[in-house]
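The next block holds one structure in the form of structure tokens; read it before the comments.
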Amino acid sequence: MNDTSTRATVAWRIQPQGDRCLLVYFGDGIDIHTGRLCLAAARLLREARLPGVTDVVPSFVAVAVHYRPDGRDGPRYAQRVEQIEQILARGVAPDALAGREVEIPVCYGGDHGPDLEDVARHAGVSTQEVVALHGQPGNLVFMLGFAPGAAYLGVHDERLNIPRRASPRTAVPAGSVAVANRQSMIYPSQSPGGWNIIGATPLVMFDPARQPAALLQPGDRVRFVPIDADEFRRQREAAR
């Protein structure tokens, strides 16, 4: 664990995750500062091009370092940990502006957002206030997961600290915008899901023919912009 840094004083812990991955933890709770530390550390570790490392993946509170096992194409576990600690000991400054600013149009409520009223009741506010809270700026894309192009982002106002649905849906339409636990998820394809659907975006979140295939990337900063049903249809047709 590091003690001092010219750029930032940051604590971390490293633990093995099987025989070909280790996790570097920077915290225990989901917050913007910890997320940006993970993004910065992932960038530093990628730039180091450590022998045998096959991927570096940031998440909410940790960075996963995937590598080839058995030391055949790089150092063994203890040496690998030492290399990572030496890199991080030079200093980790949170990536405040690592990604792009992205606006995501959303048609809220109705058929596109069947859970909007339930979310409003749980939050103790009107549906219009839910839309306003959801549209506040500063949402960080922490990570991609669950399905290709599925971005986990937040952190929303405490009033949107809504639990997941007691009964998940077996089929959530592509483009559905859902909330749970002060976070948002945009479903990139039709799939099962247990988050609370409050709207939908006409944008294509994942397209294998596009470069990059995922519309959102870790580090991007997202703002949700309300649109009406007519604008949704217009943009959906244009996206096809």
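Residue numbers start at 1 and run along the sequence shown.
With hydrogens and angles ignored, the 3.5 Å screen pairs a side-chain donor or acceptor of Arg236 with a backbone N or O of Thr201. A donor-acceptor pair under 3.5 Å is formed between the side chain of Asn139 and the backbone N or O of Val222. Between the side chain of Asp157 and the backbone N or O of Arg159, at least one donor-acceptor pair lies under 3.5 Å.
Contact record, Phe206 with Pro208: CE2-CG, 3.8 Å, taken as the closest heavy-atom pair. Nearest heavy atom pair, residue Arg182 against residue His156, reads NE-O, 2.6 Å. Of all heavy-atom pairs between Tyr187 and Ala178, the closest is CE1-CB, 3.9 Å.
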Let me check something: any side-chain donor-acceptor pairs from residues 164-174 under 3.5 Å, sequence neighbours excluded? List them with distances.
unit_1	atom_1	unit_2	atom_2	d
Arg165	NE	Ser167	O	3.2
Arg165	NH1	Asp115	OD1	3.3
Arg165	NH2	Ser167	O	3.3
Arg169	NH1	Asp115	OD2	2.8
Arg169	NH2	Asp115	OD1	2.9
Arg169	NH2	Asp115	OD2	3.3

List the atom pairs, with distances to 0.1 Å, where a side-chain N or O of residues 188-198 and a protein N or O form a donor-acceptor pair under 3.5 Å, not counting sequence neighbours.
unit_1	atom_1	unit_2	atom_2	d
Asn196	ND2	Pro163	O	2.9
Asn196	ND2	Val179	O	3.0

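Under the 4.5 Å side-chain heavy-atom criterion for grouping Ile, Leu, Val, Met, Phe, Trp and Tyr, Val92 is connected to Leu50 within one hydrophobic cluster.
For Asp228, the CG atom counts as densely surrounded, since its 6.0 Å shell holds more than 12 non-hydrogen atoms of other residues, nucleotides or ligands. The neighbour count for Glu129 CD, taken as heavy atoms of other residues, nucleotides or ligands under 6.0 Å away, is above 12.
Grouping Ile, Leu, Val, Met, Phe, Trp and Tyr residues whose side-chain heavy atoms lie under 4.5 Å apart, directly or via other members, leaves Val225 alone, with no other cluster members. Residue Phe232 belongs to a hydrophobic cluster whose other members are Ile227, with links defined by side-chain heavy atoms closer than 4.5 Å.
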Q: Take Glu103 and Arg223 through the test salt bridge (charged side-chain N to carboxylate O under 4.0 Å, His left out) and record every step on the way to the result.
A: CA-CA 5 Å; Glu103 288 190 351; Arg223 181 165 188 168; 6.0 Å; no
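Taking the salt bridge (Lys or Arg N to Asp or Glu O under 4.0 Å) definition, one finds that Asp230 meets it with Arg233, sequence neighbours left out. A search for side-chain hydrogen bond (donor to acceptor under 3.5 Å, both in side chains) contacts involving Arg234 returns Glu231, not counting sequence neighbours.
Here the side chains of Leu22 and Tyr77 are in contact, with some heavy-atom distance below 4.5 Å. Under the 4.5 Å side-chain criterion, counting only non-hydrogen atoms from C-beta, Pro202 is not in contact with His112.
Aromatic rings from Phe142 and Tyr152 are positioned such that their centres are separated by 6.0 Å or more.
Judged purely by distance below 3.5 Å, without hydrogens or angles, the side chains of Asn161 and Glu158 pair a donor atom with an acceptor atom.
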